[in-house]
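Structure first, then comments.
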Amino acid sequence: MSRSSSNNILDRPLGRVGGRSTDTTFVSLSAFAYIYSELVQYHQSRAASVSELERRLESAGYGVGLKVLEMTAYRTKEMKREIRLMSILHFVSSSVWKSLFGRSADSLERSIDHADEYMIIDYEPIASTFVSVPTDLGQLSADAYVSGIIAGVLDGAGFAARVTAHNVKLEEGERQGGGSGSGGGAGGNAVPGIPPRKNKAVFLVKFSPEVLSRDAALER
Amino acid sequence: MSSSPVLLFVIVGKNEPLYEAEIDTSSSSSMAPSNSSGGAGGGGGGAGSPSQQQQQNELSTRQNYFVLHSALDLVEKSVYSTSNMYLRVVDKVNQQQVSTFVTAANVKFMLLHGGKGEEVIKNFFGEVYGYYVKLSMNPFYKYDTPIMSKAFDARVRAAARAYLS
């Protein structure tokens, strides 16, 4: 009680305002990896199936997404909202990604088959860096937590979407050609001592129909 | 007619109001019981009996809430017309105006006032937005739930007095 007057959360600064990311407080990768592994284990011991485990991880990330959205928007100090579909996707793959992982997502693509589906691709997803999925868990993607964050950001901004994480095998020479990453030394972000990844994370974003019709109406 | 000294500030979530504050800005300048300047119309000329005045106050409070809440439809209409968070004045009823600010996560700040400057209100909203973001960083505060924090209440009221009186 006595500390409430001087140490209230409302009186503390909200960290960096715009610009460079040098003075942000970072969480060390080992601390994150340790806590994340506990989180996964906790949910794994309570989930009956792979899909339930992924759903649990997603819901754990959802609340984070809502907070990240407000926080990132506030820090830009521009007092702007994202109202267009493409701009919110760019916001997620650049601003949100930067504030969470210190770099932009590797690419943002539109699905060829479905107009309502977009893909955010990350070659070195941090959440599954230290996770090796046992064969009995099959298609589990440990990046489900991150997909929950994306869903939280999009949903909070009024773009209801279903976001799922998928592990996709890298094509031959796909990453090496990018210039930044041969042999795990990519962009200063890869983890030393870990063999180069064979998978990339694909976050599939499927917007709900009313979002698309609203965005089409704004087009005019 | 002088503008009403009473401001009504409401934060509205997806389904319900999350926070409400009635702020009497006249109290800082003088503690006088402001002779029937509240509300539009001002029927009872001069000082009525205390109970009459109370009734008058209650009526204007209800009217204020009515005006503010009925402006919500207009807010929904203009939310997707601009990418600014600050929507300026969205509704006018008699002397009363409703200014609105929408956060990135579509939480609406609404202020009922008697015609203050746009910039002043923008600054007020900006400060409250800072408090709101800090509040929502609290791991125990769940998005889109009523705000019970006393510290938040105190700071919003202080900001209102600083900017709007």
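In the text below, chain A, chain B and the rest are named by the order of the sequence lines, each starting its count at 1.
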Kindly compute the distance separating [atom1] ([X]) from [atom2] ([Y]), expressed to the nearest 0.5 Å.
| X | Y | atom1 | atom2 | value |
| --- | --- | --- | --- | --- |
| A/Ile83 | B/Tyr80 | CD1 | OH | 8.5 Å |
| B/Thr103 | A/Leu69 | OG1 | CG | 7.5 Å |
| B/Lys134 | A/Asn8 | NZ | CG | 9.5 Å |
| A/Met79 | B/Phe125 | CE | CZ | 11.0 Å |
| A/Asp11 | B/Tyr131 | CG | OH | 7.0 Å |

Does atom [atom1] of [X] have more than 12 heavy-atom neighbours, drawn from other residues, nucleotides or ligands, at distances under 6.0 Å?
| X | atom1 | result |
| --- | --- | --- |
| B/Lys92 | NZ | no |
| B/Lys14 | NZ | yes |
| A/Gln139 | CD | no |

Tell me the closest heavy-atom pair linking [X] and [Y], and the distance in Å.
| X | Y | value |
| --- | --- | --- |
| B/Tyr143 | A/Leu66 | CD2-CD1, 3.4 Å |
| A/Lys80 | B/Asn84 | NZ-OD1, 2.6 Å |
| A/Lys67 | B/Asn138 | NZ-O, 2.9 Å |
| A/Met71 | B/Val133 | SD-CG1, 4.0 Å |
| B/Thr82 | A/Arg81 | O-NH2, 2.8 Å |
| B/Leu135 | A/Leu10 | N-CD2, 3.8 Å |

Closest-packed option against chain B by number of heavy-atom pairs under 4.5 Å, given A/Ser87, A/Ala217, A/Ala157, A/Gly156
A/Gly156
Chain A heavy atoms under 4.5 Å from B/Phe152: which part of the residue, side chain, backbone, both or neither?
both
Portion of A/Arg214 that has a non-hydrogen atom of chain B nearer than 4.5 angstrom:
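Just its side chain gets close to chain B.
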